[in-house]
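Some notes on the structure that comes next.
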Amino acid sequence: MSFPLLTVTAALPAIGAIATAAVPAARRTAAKWLALVVSLATLVLAGIVFARFEPGGDRYQLTESHAWIKDFGVRYELGVDGIGVALLALTALLIPFVILAGWHDADTLETSSSRWRPTQGFFALILMVEAMVLLSFVATDVFLFYILFEAMLIPMYFLIGGFGDRAHSGTEENAAAQRSYAAVKFLLYNLAGGLIMLAAVIGLYVVAGSFSLSEIAEARANGSLDMATSTERWLFLGFFFAFAVKAPLWPLHTWLPNAMGEATTPVAVLITAVVDKVGTFAMLRFCLQLFPEASTWATPVILVLALISIIYGALLAVGQRDIKRLIAYASISHFGFIVLGIFAMTSQGQSGATLYMVNHGLSTAALMLVAGFLITRRGSRLIADYGGVQKVAPVLAGTFLVGGLATLSLPGLAPFVSEFLVLVGVFSAYPVAGVIATVGIVLAALYVLVLYQRTMTGPVREGIGGMPDLKVRELAVALPLIALLIFLGVFPKPLTEVVNPAVQHTMHDVQKKDPQPEVEAAK
């Protein structure tokens, strides 16, 4: 038996979560360091997975398959493709930064009670989320994926509701009520999507007789699986609804601004840069691969929803007064671009969408984490409470600017490559949709630059004068993310060479070819 590298990579943070939770109450610093070391070790394993992946090899590599629930045909089946390996690497990369950024977030909750250990619980929950997300990116059994898809909601619920943002303009009672509301809304929306998906998962098993992606694909190829058109479309809608909630896609997005606004900044990054990627990833892996005809049938409506997400999210970001909610609405707009690229059904669009998932994770993490450092210093999330920060904290302002410029996809930074590819893919198949999506780029420049102008420039406002600049721990979070944004902006090949072959497999699943450009013959 070959070494189960994928299992070990996902199991390490799960084991680390248990060990972190078990650290004695008086040793909270030890719990922090344990969580950080585990996350770094997981990053090393993820790097080995990325290095061992062969872009020109089999579609799914480093595969594992073991019987799990034999009576129902459920298997513990893993395998990583080019899309999954890119997102696995992103997740493992971001978690150490999330832990470093949240180093002191649970300290204010410490009490004299030996039974209440918020620091240990906070970092243990983060590691548990990482384990479930990593495993979801490599699960090739539909039922196994569903279990992970739902199980990750539990630690996220406690991270949002139990460790919420303390930089709140109201009373502590009001803040606690807002955190509880955001956590419950997050849970109910995603549970509703999951229950509908469960019905579709059961329906798929009834039709296909298997939960295995490889077995279902083989049955389709040899003609032994002939799914009725109406059945395929209903099953597709069941899966897509759950993924659209997670993504989040308009009009199923309303839980995200509440969750990101009330969560601590590192948890907000965990939501939008890590957990939400499971939704868009699953659209590529499950919707397109399992239901190719239904995916093509639903494309026009999904493109409209994606365009609404792009414009709606950007417009609401322009009008926000809360820094974190502005970034949340910006993320809704960006997820619209990702869904648009996926369902443009072109290789450029899907490659761009996959790169967008990775680059959005990096850019949003950089902007949100630096914004969190800013909010911690001032104790307020309101844009109106800031001004002149660049005069007293130039490094903080500079890193904030780079994160913002990456968010608006400035050429030379990583998100530009992915957004450009998405637009190329969309324009080649749906020119009108491409024109509408371009409006989102203009609005992104507006909300990012206005945010920077109002918070960082102008006269120094009251309460800003004594603000310290970024410290060593904070620089260790911000600078590597900015370096990656620049590196992948000028040299995206390490990602494109693993993503492109996987996209070609997906294009084959839906039996689509790129539109050929119309060139007039020379006279």
Side-chain angles (χ1 to χ4, degrees), residues 55 81-84 86-87 240 243-244 247 249 277 279-289 291-292 294-311 313-314 333-361 363 408-411 413-442 444 488-489 492-493 495-519:
D81 63 355
I83 298 169
L87 294 174
F240 180 80
F243 303 152
L249 185 68
K277 299 300 187 299
T280 46
F281 162 79
M283 292 179 189
L284 280 165
R285 171 164 285 188
F286 296 101
C287 286
L288 270 60
Q289 187 172 346
F291 316 109
S295 298
T296 302
W297 162 76
T299 289
V301 174
I302 294 173
L303 292 181
V304 171
L305 296 179
L307 289 172
I308 294 174
S309 290
I310 292 171
I311 305 302
S333 182
H334 294 147
F335 275 103
F337 273 104
I338 295 171
V339 176
L340 189 71
I342 292 172
F343 284 90
M345 299 295 183
T346 60
S347 59
Q348 299 98 329
Q350 292 186 357
S351 293
T354 304
L355 292 179
Y356 214 128
M357 291 186 235
V358 176
N359 295 332
H360 171 262
S363 61
L408 61 82
S409 299
L410 183 76
L413 297 175
F416 170 77
V417 179
S418 46
E419 197 164 273
F420 177 78
L421 284 173
V422 167
L423 289 176
V424 168
V426 173
F427 267 108
S428 65
Y430 304 95
V432 175
V435 172
I436 297 172
T438 305
V439 177
I441 301 176
V442 178
L488 293 176
K493 183 181 178 181
L495 288 178
T496 56
E497 66 179 4
V498 300
V499 165
N500 289 341
V503 166
Q504 292 304 319
H505 285 296
T506 304
M507 291 288 290
H508 180 266
D509 290 334
V510 293
Q511 298 180 352
K512 293 286 185 179
K513 294 183 179 179
D514 290 328
Q516 295 300 313
E518 297 180 3
V519 181

| field | CA sep, side-chain torsions, deciding dist, call: Val435, Phe427, side-chain contact (heavy atoms from CB on, under 4.5 Å) | value | CA-CA 8 Å; Val435 172; Phe427 267 108; 3.8 Å; yes
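Put simply, the side chain of Leu249 does not reach to within 4.5 Å of the side chain of Phe335, judged on heavy atoms. The shortest distance between side-chain heavy atoms of Ile342 and Tyr356 does not fall below 4.5 Å. Within the 4.5 Å cutoff, side-chain heavy atoms of His360 are placed close to those of Lys277. At a threshold of 4.5 Å between non-hydrogen side-chain atoms, the residues Lys493 and Thr496 count as touching. Contact check for Leu288 versus Gln350: side-chain heavy atoms found under the 4.5 Å cut-off. At least one side-chain heavy atom of Leu87 sits less than 4.5 Å from a side-chain heavy atom of Val358.
Among Ile302, Ile436, Val426, Leu305, the single residue meeting the side-chain contact (heavy atoms from CB on, under 4.5 Å) criterion with Leu340 is Val426. For the ring pair (Phe, Tyr, Trp, His ring centres under 6.0 Å) test with Phe343, the passing option among Phe243, Phe240, Trp297, Tyr430 is Phe240; the others fail.
Looking at Ser351, its side chain never comes within 3.5 Å of a backbone N or O of Gln348 through a donor-acceptor pair. The backbone N or O of Cys287 lies less than 3.5 Å from a partner atom in the side chain of Ser295, making a donor-acceptor pair. Judged by distance alone, with hydrogens and angles left aside, the side-chain atoms of Asp81 form no donor-acceptor pair with the main-chain N or O of Ala502 at under 3.5 Å.
Distance OG/Ser418 to NE2/His334: 9.5 Å, rounded to 0.5 Å. Between atom CG of residue Asn500 and atom CG of residue Leu355 there is a gap of 7.5 Å, rounded to the nearest 0.5 Å.
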